[in-house]
Amino acid sequence: MGIIGSGSIGRTLARLAVGAGHQVVLSNSRGPETLVDTAEELGRRASAATSEEAAAAGDIVVVTVPVSAFPHVPAAPLAGKTVIDTCNYGPERDGHIPELDSKSLTSSELLLRNVPDALLVKAFNNIFFKHLLSLARPAGAADRSYLPIAGDSAPAKAAVTEFIDSIGYSVVDAGTLADSWQQATGTPVWGTPYGPYSNEKGQPVGEDAIRAALATATR
C-alpha cells in the first residue's frame, strides 16, 4: 500500500495496514526524511519515500491530502491503480473552489480530474481518526463497524472492500463518485454515527445505521 499524505488518517491507516500484514510506503509533501521516525515506529513493514515512489509502489494507493493539494498528486504512477480518496473539502483551509461550492462536482470527481486514469474509491473520509483506530474488529465480531464507500469501478470497489475487511471493518456500498457527497463533511454519516470526538474509543455502528444515515443526506 502506498500512502500519499501522512496526517492523522494516513498514519492511522498505515498502522492498521501494518497490523494486518500489509507492506506500507508512506509519503508526504515535506519529503521522506520527515517520516523516518514514523516508519521506524511502525516496524519492518513500513518505509518512507517520495509521493511518486509511494504511488508507484502501492497495489492500492491512499490519497489523504487537502483538496487544495490535488494538483500536486502524481498522476502518471496512479494510472490504472485502485486509489482510495479520504479527502474532505474545507473552504476555510482549501480556499473556495467554485465547482465544489456550487456542488456541480464532488471532491472525488475533482480529484479524478487530476488523476484521470486512476480507479478512484471514496472511503475513510467520514470517520474520526481515533475512532478508525479504536473501532477495528476482526471478521465475524458482533460489534464490527461499517464504513461507506463510493466509486465508479466495481473491481476497485472490490479491492477496497477486501482491504477494509483486512483492517477490521465491513463496507456499505454508497454508490458512484457522483453520489459520494452523501458522506461528505456535515452529512448525517460524517462522524456522528461513531460518537463524539470527546469519546476517543467511539461507538460501533452497524450496516443499517450507516444505510439510514446515507439515505437522509440532503445536498
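More than 12 heavy atoms of other shown residues, nucleotides or ligands fall within 6.0 angstrom of atom CZ in Arg144. No more than 12 heavy atoms of other residues, nucleotides or ligands sit less than 6.0 Å from atom CD of Glu162. Counting heavy-atom neighbours within 6.0 Å of Arg44 CZ, excluding the residue itself, gives a total of 12 or less.
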**OP:** Start with the C-alpha gap between Thr64 and Ile4, add the side-chain angles, then the distance that decides, and say whether side chain to side chain contact (heavy atoms under 4.5 Å, CB included) holds.
**Re:** CA-CA 6 Å; Thr64 179; Ile4 298 173; over 6 Å; no
Subject >> Derivation of the salt bridge (charged side-chain N to carboxylate O under 4.0 Å, His left out) call for Arg113 and Glu109 >> reply: CA-CA 7 Å; Arg113 285 186 173 182; Glu109 290 174 310; over 6 Å; no
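Shown here are the side-chain contact (heavy atoms from CB on, under 4.5 Å) partners of Pro196, two or more places apart in sequence or in another chain: Ser198, Asn199. Residues meeting the side chain to side chain donor-acceptor pair (under 3.5 Å) test with Thr176, sequence neighbours left out: Asp179.
The pair Lys81-Asp59 fails the salt-bridge criterion, with no side-chain N (NZ, NE, NH1 or NH2) lying under 4.0 Å from an Asp/Glu carboxylate O.
Of the residues listed (Asp101, Asn125, Asp94), the one engaging Tyr89 in a side chain to side chain donor-acceptor pair (under 3.5 Å) is Asp101, and it is the only one.
Using modelled atom types, one finds no donor on one side chain facing an acceptor on the other under 3.5 Å when comparing Ser29 with His72.
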Cut-off 3.5 Å, no hydrogens considered: what does the side-chain donor-acceptor table look like for residues 30-43, sequence neighbours left out?
| from | atom 1 | to | atom 2 | distance (Å) |
| --- | --- | --- | --- | --- |
| Thr34 | OG1 | Asn28 | OD1 | 3.4 |
| Thr34 | OG1 | Asn28 | ND2 | 3.0 |
| Thr34 | OG1 | Gly31 | O | 2.7 |

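Classified by interplanar angle (parallel below 30°, tilted 30° to 60°, perpendicular above 60°), the ring pair His131/Tyr197 is perpendicular.
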